[in-house]
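Below is one structure, written out as structure tokens; the observations come after it.
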There are 2 protein chains.
Amino acid sequence: MRADAKKNYDHLLEIARGVIAEQGAEASLRDVARKAGVGIGTLYRHFPTREALLEALLRKSFDGVTSRASELEQSCSADAALASWLREMVALTHNHRGLIAAMTTALTDEQSALHASCVLLRGSGARLLARAQAEGKARPDIDGTDLLGLVSALAWLNDQPSFADSVAHLFDIIIDTIMLPRASPEAARTPAA
Amino acid sequence: MRADAKKNYDHLLEIARGVIAEQGAEASLRDVARKAGVGIGTLYRHFPTREALLEALLRKSFDGVTSRASELEQSCSADAALASWLREMVALTHNHRGLIAAMTTALTDEQSALHASCVLLRGSGARLLARAQAEGKARPDIDGTDLLGLVSALAWLNDQPSFADSVAHLFDIIIDTIMLPRASPEAARTPAA
DNA sequence: ACCTGAACACCGTTCAAGT
DNA sequence: ACCTGAACACCGTTCAAGT
């Protein structure tokens, strides 16, 4: 990439970060180009789709979640690791209104520039879930897609001001629903009906 | 209302029903006016905001859910009534992409034409929840807003094609999370109301 | 190679002018 | 009363023309 092009690329990304933080993932691309002081065509040359811009903007954050998931897999108990991942996923999409909708769409759209990242994220959660299930710490009747669905639904709710006061509580409820109570050593199994 | 105005009003509503069923709650209002064969100003005269149009379109459905909730309160067990209400809420927002977002926003926006309906819906669910809680059939640590948050999150997920295959399962999981297991017969009697 | 911005096809919303 | 549609201020996206 030519030096002047690289400069435009980086500057667009910097401006886009601010605009999208303020206006959400559906922010006006024209506005981004305007604020960056470049022609709208320059934005489209560097980022042919909105998803490409989001992907470039969030690649580090995505990588951060997946790599931390790997660390958690080594360093934490299975249930604590899974809970941490859930928290990170909600945090990732917080302050990026509309991002969760874009990611959800991208999950099954192989053409989307966000597709690969979303599949990786689902995989990182699925691994933590599988480990917790293998240890009897997470309910066995959900898979990685169910897990991502639950966290996406919570992330969406987290973007709705009407439910701002409810999300933390609902998040805890969902965590409890995913996790199985640790079987106490001396107690018999819960009585069958 | 003058006869010609009434005719336009009704026709707009009929056309809007089809367009919104196809394109979702964010459908182009210009498109609605065009397909109805009236000037865009006529649409705005009858429905000053998009929410006003949605409200007119869905009033009967809203009323249906709240009145059926009252019936359920009389005719059904508390837990079955609550589960039915949850199913009806998800069904209500299904086939109306984007409606749940509009309703969620309206819940805390007193200016919205959808505000009153959304508050009524929350109230109808809250009553069923309270009855179930009083009978020990629903977990006591959630309120009407939490319940609406859960159902809204599920309704949003239901609009996402990526999770089409997961929603039914997740819906069952959420129902189970809300409901408490029925106390075994020989155990203590349900506390008197 | 890369940048520019006019051009095109859309929006939502308002309001003066018509009936 | 009510209807109309031009007008205004925006979009996303493309692409010929410039450097």
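Within every chain, numbering begins at 1; the chains are lettered A, B, ... in the order of the sequence lines, protein sequences first and strands thereafter.
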Derivation of the side chain to side chain donor-acceptor pair (under 3.5 Å) call for Thr177(B) and Thr177(A): CA-CA 6 Å; Thr177(B) 299; Thr177(A) 298; 2.9 Å; yes
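- Between Asp172(A) and Arg87(A) a salt bridge is recorded (basic side-chain N to carboxylate O distance below 4.0 Å).
- Using a cut-off of 4.0 Å between Lys/Arg side-chain N and Asp/Glu carboxylate O, Arg34(B) and Asp31(B) are scored as salt-bridged.
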Residue pair Phe171(A), Leu157(A): steps toward the side-chain contact (heavy atoms from CB on, under 4.5 Å) verdict: CA-CA 10 Å; Phe171(A) 183 87; Leu157(A) 211 62; over 6 Å; no
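- Thr93(A) has its side chain out of reach of Asn158(A): every pair of non-hydrogen atoms, C-beta onward, lies at least 4.5 Å apart.
- Side-chain contact, Ser28(B) with Gln23(B): no donor N or O sits under 3.5 Å from an acceptor N or O.
- Stem analysis of DNA chain D (at least three stacked-register Watson-Crick or G-U pairs, each with both distances under 3.5 Å) gives C:4-8 with D:12-16, C:12-16 with D:4-8.
- A heavy atom closer than 4.0 Å to some atom of DNA chain C occurs in Arg30(A), Val38(A), Gly39(A), Ile40(A), Gly41(A), Thr42(A), Arg45(A), His46(A), these being the qualifying members of residues 28-57 of chain A.
- Across Asp143(B), Ile142(B), Leu148(B), a single residue satisfies side-chain contact (heavy atoms from CB on, under 4.5 Å) together with Thr145(B), and that is Asp143(B).
- Between Thr105(A) and Leu114(A), every side-chain heavy-atom pair lies at or beyond the 4.5 Å cut-off.
- Aromatic ring orientation, Tyr9(B) versus His46(B): perpendicular (interplanar angle above 60°, classes split at 30° and 60°).
- Protein chain A touches strand DNA chain C; the 5'-most and 3'-most nucleotides with an atom under 4.0 angstrom of its non-hydrogen atoms are dA1(C) to dA7(C).
- Within 4.0 Å (heavy atoms only), Ala3(B) reaches no atom of the nucleic acid at all.
- The existence of a salt bridge linking Arg68(A) and Glu88(A) is confirmed by a sub-4.0 Å separation between a basic side-chain nitrogen and an acidic carboxylate oxygen.
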